[in-house]
Amino acid sequence: MDHGRPPKPTAFVLAGGGSFGAIQVGMMHSLARHGVVADLVVGSSVGAINGAYFAGDPSLKGVLGLEAVWRGLKRHDVFPVTWKGLAGFMWRRDFLISHGGIRKLVEDHIPYRYLEDAALPVHIVTTDFVSGESVVLSEGSTVDAILASTAIPGAFSPVHHRNRYLADGALSSNTPVRVAIQKGARRLVVLPTGHACALKDPPIGAVANALHALTLLIARQLVAELEGLGSDIEYVVVPPLCPLVGSPYDFSRTDDHIERAVASTDAWLAQGGLEQHGVIPHEAQPHGH
């Protein structure tokens, strides 16, 4: 490192992945404990929830608070599927799941109402459901931004926000690498959630299948976006877990995901992971084993 120059603005870039978002929490635990800091945070889908929480208290204490929230989560807290919701989906062709679960999570646990009031600049990536383009929210209602970024098509209805209908950031930029660069980052610490890389059969259920498909899309997008970056951008990718079993719709493995991610990130840091610029770990690639 050239100590004669100021450090490059660093972004934590957090991808989506349903319940696999617990893996990011373990990564952040290790990074915070080792003094790795960010100047800004960019998040998409579940990464928007984790990123927004971290931006409110970017410290080990803050990460431990987020860890406690995750350890208490059940599937119904995030995906409250009810018979009423199923009936509405069947007859009105509307949406399957209420936004109420995620709204309660955000309102109960993220202390700032407006994105611009976070301790670190935070940028939430969503998708214009009509045009398909990325829409980045950096100010305004925290809960509306996160509801939009987590609105998986077919499961949640798009969120009406400032004359647009916004949906899951996964559709346009799930690992929002380019957004981080547009917001001034020149060094990226990418925290992927990974994908189920040890499945013999597809997961059971419509939402589980949709989330599994999204995690595969994320992995491909991540590789494509990182390989297309200019030489002036430094990036490191924290290795996700592999083998990784289960579905991103399954919240019963949270403790294991967090603990394994803490241990694997500790090992990666001890092996000089932060100096391995431009390396995409095989665990983060769609065919990683």
Side-chain angles (χ1 to χ4, degrees), residues 1-15 17 20-44 47 50-51 54-55 58-60 62-64 67 120-123 174-195 197 218-244 257-289:
M1 180 180 289
D2 185 346
H3 293 283
R5 295 182 182 178
K8 295 185 174 185
T10 298
F12 280 5
V13 183
L14 294 98
F20 293 162
I23 294 164
Q24 289 174 336
V25 179
M27 292 172 174
M28 288 193 287
H29 178 138
S30 175
L31 292 171
R33 196 171 62 199
H34 287 85
V36 183
V37 297
D39 301 296
L40 64 149
V41 180
V42 181
S44 181
N50 286 339
F54 180 77
S59 67
L60 179 57
V63 174
L64 291 175
E67 201 170 297
L120 288 180
V122 57
H123 308 286
N174 201 285
T175 307
V177 166
R178 297 192 181 280
V179 172
I181 295 166
Q182 288 162 9
K183 296 300 180 181
R186 290 297 172 266
R187 178 172 175 263
L188 312 178
V189 179
V190 181
L191 284 71
T193 54
H195 57 283
C197 54
I218 294 161
R220 293 188 184 280
Q221 277 188 352
L222 172 60
V223 172
E225 287 200 29
L226 290 175
E227 288 180 341
L229 293 182
S231 58
D232 60 321
I233 304 297
E234 286 182 12
Y235 70 83
V236 295
V237 181
V238 184
L241 302 180
C242 192
L244 178 60
H257 289 341
I258 291 173
E259 285 152 20
R260 285 181 62 200
V262 171
S264 68
T265 307
D266 282 349
W268 176 76
L269 289 168
Q271 294 159 10
L274 283 176
E275 306 306 318
Q276 296 169 15
H277 301 153
V279 175
I280 303 174
H282 69 88
E283 297 94 339
Q285 302 191 37
H287 302 293
H289 295 288

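Counting from 1, the numbers follow the sequence of the chain as shown.
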Spatial distance of atom [atom1] ([X]) from atom [atom2] ([Y]) [nearest 0.5 Å]:
X	Y	atom1	atom2	result
Ile23	Glu283	CD1	CD	11.5 Å
Ile233	Leu226	CD1	CG	11.0 Å
Thr265	His34	OG1	NE2	9.5 Å
Ser44	His123	OG	NE2	14.0 Å

Side chains of [X] and [Y]: does their closest heavy-atom pair fall under 4.5 Å?
X	Y	answer
Leu241	Phe20	no
Arg186	Ile181	yes
Met27	Pro240	yes
Val236	Glu275	no
Val37	Pro58	no
Leu229	Tyr235	yes
Leu60	His29	yes
Leu120	Phe12	no

Spell out, as yes or no, whether a donor-acceptor pair under 3.5 Å connects the side chain of [X] to the backbone of [Y].
X	Y	result
Ser59	Gly62	yes
Asn50	Gly21	yes
Glu234	His277	no
Thr10	Lys8	yes

Exercise: identify the closest heavy-atom pair between [X] and [Y]:
X	Y	answer
Ala185	Leu40	CB-CD2, 4.1 Å
Pro239	Ser264	O-OG, 4.3 Å
Gly17	Thr193	CA-OG1, 3.6 Å
Ala11	Ala180	CB-CB, 4.0 Å
Asp39	Pro121	O-CD, 3.3 Å

Identify each donor-acceptor pair in which a side-chain atom of residues 266-274 lies under 3.5 Å from a protein atom, sequence neighbours left out, and give them as a table.
| residue | atom | partner | partner atom | Å |
| --- | --- | --- | --- | --- |
| Asp266 | OD1 | Ser30 | OG | 2.6 |
| Asp266 | OD1 | Arg33 | NH2 | 3.0 |
| Asp266 | OD2 | Arg33 | NH2 | 2.5 |

